[in-house]
Amino acid sequence: MSSQDHLYDHDALTPRQAGERAAEVLAEIRTAVVGKPRPLEMVMLGILAGGHVLIEDLPGLGKTLLARSFATTLGLDFRRIQFTPDLLPSDVTGAPFYDQRTADMVFRPGPVFTHLLLADEINRTPPKTQASLLEAMAESQVSIDGSTRALPHPFVVIATANPIEYEGTYSLPEAQLDRFLLRVRMGYLSAQEETGMLRNRIARAAPEAVLRTLGSPAQVLAMRAAVEQVEVEDDLLEYVVALVGATRSHQHIQVGASPRGGLALVQLARARAVLDLRDYATPEDVKDVAVAALAHRVTLKPELWVRQIDADDVIAEIVQSVAAPQTLPRSPVAS
């Protein structure tokens, strides 16, 4: 281990140092995940901000590769659960079993006991199994047979979901959606990017690029601690409250964002500042993450389906209409 690695493993990081390390991680992942700079950045923000990420899009757009790439590069243990209609809650959390050798009941941990869990196609399984992740995501623990077991730190869920019009899907309930700090959409590559992806595949003569491990669980926790150092002015907090409040009174929205939406907006804005090597958040940080933080937390009025208006459009309109403060940094950027 180099002296620099030693620094990141054991010492506190400034926001600038955390941002530089995050930039290194993103640069490494971009060698494997082609043409997705915005989704990659948003997932990095979710990890920095200490939350869980929902990736909603069609199958085959690289969601699994993205999750595995983050786990590898950040040095995190990785597990994947393929959610299916017959998956049971115990298949997620684990269950006690009878050990004939010792005549004792022994707990066998499920795949949720990991640092980074890929919950693949989470909306293809019934609500009871979806709910088995709820406590784990909210409390970083699992309760089975009266015993509570802590999950590793950090614990990150990256869940993928097919669009709800897709055959064989179960809509995620609002309580489950609210546990995700942000929602990301991948989208198709441009023709040029897709050609580049095919060219890279031929050039490396292997199914996937080999990524370097640049981090560790301790480093991820140190980067999260650096996010907590980012200053947020009172007028910026008032702006966040105004945005969340606007979702509750908008003509197109049936159910607005919960207070958890405001917390998500603040933490993601602070993470955005870290990624930009700053120790203070700005209105532009809030605007940049508002759609990802809030769109999945609102329920539109049913008639909007016919007009093909989605929550992303409505939140973007709210961001445009709510006046932002003119916040200036109070302190210099930490070096």
Side-chain angles (χ1 to χ4, degrees), residues 12-23 38 41-54 174 177-184 222-300 311-335:
L13 301 179
T14 65
R16 171 177 284 274
Q17 289 171 327
E20 289 169 347
R21 177 50 58 105
R38 176 68 175 177
E41 197 172 81
M42 297 310 290
V43 173
M44 187 78 248
L45 292 181
I47 293 172
L48 285 174
H52 307 292
V53 180
L54 177 64
E174 286 78 5
L177 283 170
D178 214 24
R179 300 296 178 182
F180 289 101
L181 196 70
L182 74 162
R183 183 183 66 186
V184 179
M223 291 162 74
R224 287 181 172 182
V227 172
E228 297 298 330
Q229 301 173 38
V230 173
E231 293 186 8
V232 183
E233 300 287 349
D234 287 345
D235 56 354
L236 197 59
L237 295 179
E238 292 167 3
Y239 176 51
V240 167
V241 170
L243 286 172
V244 173
T247 69
R248 299 167 189 164
S249 58
H250 195 278
Q251 60 177 339
H252 292 329
I253 296 178
Q254 186 167 296
V255 181
S258 71
R260 194 178 282 119
L263 291 169
L265 206 45
V266 169
Q267 283 305 99
L268 285 169
R270 297 171 94 189
R272 172 78 265 174
V274 165
L275 212 53
D276 286 347
L277 309 183
R278 284 183 279 107
D279 62 358
Y280 59 91
T282 68
E284 285 65 39
D285 295 325
V286 174
K287 291 178 182 179
D288 186 63
V289 300
V291 171
L294 297 180
H296 64 293
R297 301 176 195 273
V298 303
T299 303
L300 299 186
D312 289 28
D313 299 328
V314 176
I315 298 300
E317 178 194 322
I318 287 173
V319 171
Q320 290 294 320
S321 64
V322 175
Q326 300 298 315
T327 301
L328 296 175
R330 185 170 58 189
S331 59
V333 177
S335 58

From CA spacing to verdict: side-chain contact (heavy atoms from CB on, under 4.5 Å), Val286, Val240: CA-CA 7 Å; Val286 174; Val240 167; 4.1 Å; yes

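- At least one side-chain heavy atom of Met44 sits less than 4.5 Å from a side-chain heavy atom of Met223.
- Atoms CG and CE, on Asp288 and Met42 in that order, are 6.0 Å from each other to the nearest 0.5 Å.
- When all heavy atoms of Ala269 and Val289 are compared, the pair lying nearest together is N-CG2, 4.0 Å.
- For the atom pair CZ of Arg297 and CZ of Arg179, the computed distance is 10.0 Å after rounding to the nearest 0.5 Å.
- No hydrogens or angles considered: nothing links the side chains of His252 and Glu317 as a donor-acceptor pair under 3.5 Å.
- Residues Arg183 and Asp312 form a side-chain contact, since some pair of their non-hydrogen atoms from C-beta on lies under 4.5 Å apart.
- Sorted by first and then second residue, the salt bridge (charged side-chain N to carboxylate O under 4.0 Å, His left out) pairs with a member in residues 258-271 read Asp178-Arg260, Glu228-Arg270; sequence neighbours excluded.
- Here the options are Leu243, Asp235, Val241, the test is side chain to side chain contact (heavy atoms under 4.5 Å, CB included), and the partner is Tyr239; only Leu243 passes.
- For the atom pair CG of Leu237 and CG of Asp234, the computed distance is 6.0 Å after rounding to the nearest 0.5 Å.
- Residues Val230 and Val274 have side chains in contact (heavy-atom distance under 4.5 Å, counting atoms from C-beta outward).
- For the pair Leu48 and Ala271, the tightest heavy-atom approach, listed with the atom from each and the gap, is CB-CB, 4.0 Å.
- Here the CD1 atom belonging to Ile318 is positioned 11.5 Å from the CG atom belonging to Asp313, to the nearest 0.5 angstrom.
- Shortest non-hydrogen contact noted between Pro283 and Pro325 is CG-O, 3.1 Å.
- Between Thr282 and Asp285, the closest side-chain pair of non-hydrogen atoms falls below 4.5 Å.
- Closest approach of Val244 and Ala257 over heavy atoms only: CG1-O, 3.9 Å.
- Using a 4.5 Å heavy-atom cutoff, the side chains of Leu277 and Glu20 are in contact.
- Here the straight-line distance linking atom CZ of Arg21 with atom CG of Leu13 works out to 8.0 Å at 0.5 Å rounding.
- With contacts defined as side-chain heavy-atom distances shorter than 4.5 Å, the pair Val53/Leu181 does not qualify.
- Heavy-atom minimum distance, Ala226 versus Thr14: CB-O, 3.8 Å.
- The structure places CG of Leu265 at 11.0 Å from CG of Leu182, a figure rounded to the nearest 0.5 Å.
- In plain terms, the two heavy atoms of Ala316 and Val291 that are nearest each other are N-CG2, 3.9 Å.
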